[in-house]
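Have a look at the structure below, then the notes.
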Amino acid sequence: MNIEKGPQLIVALDYPDRRSAESMAERLDPAACAVKVGFELFVAAGPGLVEALQARGFNVFLDLKFHDIPNTVAAACRAAARLGVWIVNLHASGGLEMMQAARDAVREVHPETRLIAVTVLTSSDAATLRGIGIESSPQEQVLRLADLAVTQGGLDGLVCSALEAPALRAQLGDAPWLVTPGIRPSGGVGDDQKRVMTPEAAFANGASHIVVGRPITRAADPAGAVEAIRRQMPV
Ligand code: C5P
């Protein structure tokens, strides 16, 4: 398993059960893509699935977006690092102390695991933020939480929209990982993603990794879809 930068294409295994996730994984090449395990699949299938994916050679992004008191989030991140996952994440809005505790826990157990933060969910707009007492615009809040997570908290990067990536690169420099969902290959069909970007444009904007789900998992030939996307990525 290449735990360092790893594959720059991450396939979202958004499935309700282990069998469906494993049958998709069987059709994918761990040298060509990593996989993302989110809430639905992890709650249904548990850490055994993560271990099975890793045994197949996949780098696993455990997308559980932790947000709780520092001690609890640190313990959850420690458990993820013990599993040996490649990436785990949390909500930067949990605050600096929570992020530092999580970072220290990961480094202590398995320093190769990357800890990244979600800033503002792309489903939140200015009205959503006002509703929870935040008067800043989404863009200002993203930049504030990015600074807290990466510059002050020492985290390895962020999950963000590729649309936010240029401003984040300008603020944070080249080093942090910027992992971007909402990617649609050119010429694909639409679904519930509203503001989408092609793989090429996402990397040009500063993404280090892209997350792609349905354009691959619903394709007749998922491995072919992976290859087609890889051809749109810088080498
Ligand atoms: O199928 P699709 O490519 O839309 O899947 C994208 C994946 O990235 C899903 O797992 C989704 O939950 C996740 N995601 C997203 N937008 C965000 C954050 C995460 O689509 N802002």
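All values below were derived from every heavy atom in this structure, side-chain atoms included, with hydrogens, water molecules and symmetry-related copies excluded. Order of appearance sets the numbers: ligands from 1, and atoms from 1 within every ligand.
- With respect to atom 3 (O) of ligand 1, the closest heavy atom belonging to the protein is G213 N, 2.7 Å.
- Among protein heavy atoms, the minimum distance from atom 12 (O) of ligand 1 is reached at K36 NZ, 4.3 Å.
- We find the CD-CG distance between Q152 and L96 to be 5.5 Å, quoted to the nearest 0.5 Å.
- Those atoms of ligand 1 with a heavy atom of A12 less than 4.0 angstrom away are 7 (C), 10 (O).
- Closest to atom 21 (N) of ligand 1 among all protein heavy atoms lies T122 OG1, 2.6 Å.
- Atoms of ligand 1 found under 4.0 Å from any heavy atom of R214 (numbered from 1 in listed order, with element): 1 (O), 2 (P), 3 (O), 4 (O).
- The one candidate from V212, V211, T217, I210 that meets the side chain to side chain contact (heavy atoms under 4.5 Å, CB included) condition with V11 is T217.
- Ranking protein heavy atoms by distance to atom 9 (C) of ligand 1, first place goes to D14 OD2, 3.2 Å.
- Rounding to the nearest 0.5 Å places CG of L62 at 7.5 Å from CG of N89.
- Shortest contact from atom 2 (P) of ligand 1 to any protein heavy atom: R184 NH2, 3.3 Å.
- Under the 30°/60° scheme for interplanar angles, the aromatic rings of W177 and H209 are found to be tilted.
- Side-chain atoms of R56 never come within 3.5 Å of backbone atoms of A25 as a donor-acceptor pair (strictly under, hydrogens ignored).
- We find the OG1-CG distance between T122 and L163 to be 9.5 Å, quoted to the nearest 0.5 Å.
- Screening Q139, R144, Q141, E164 for a side chain to side chain contact (heavy atoms under 4.5 Å, CB included) with V120, the sole residue that qualifies is Q141.
- Of the polar atoms of G182, none of the N or O atoms is found under 3.5 Å from an N or O of ligand 1, judged by distance alone.
- The protein heavy-atom contact nearest to atom 15 (C) of ligand 1 is P181 CB, 3.5 Å.
- Contact analysis leaves V159 out of contact with ligand 1, as no non-hydrogen atom separation drops below 4.0 angstrom.
- Below 3.5 Å of separation, one finds no N or O of K65 facing any N or O of ligand 1.
- With hydrophobic clusters built from ILVMFWY side chains whose heavy atoms lie under 4.5 angstrom apart, F61 shares a cluster with L121.
- Protein heavy atom in closest approach to atom 20 (O) of ligand 1: Q193 NE2, 2.7 Å.
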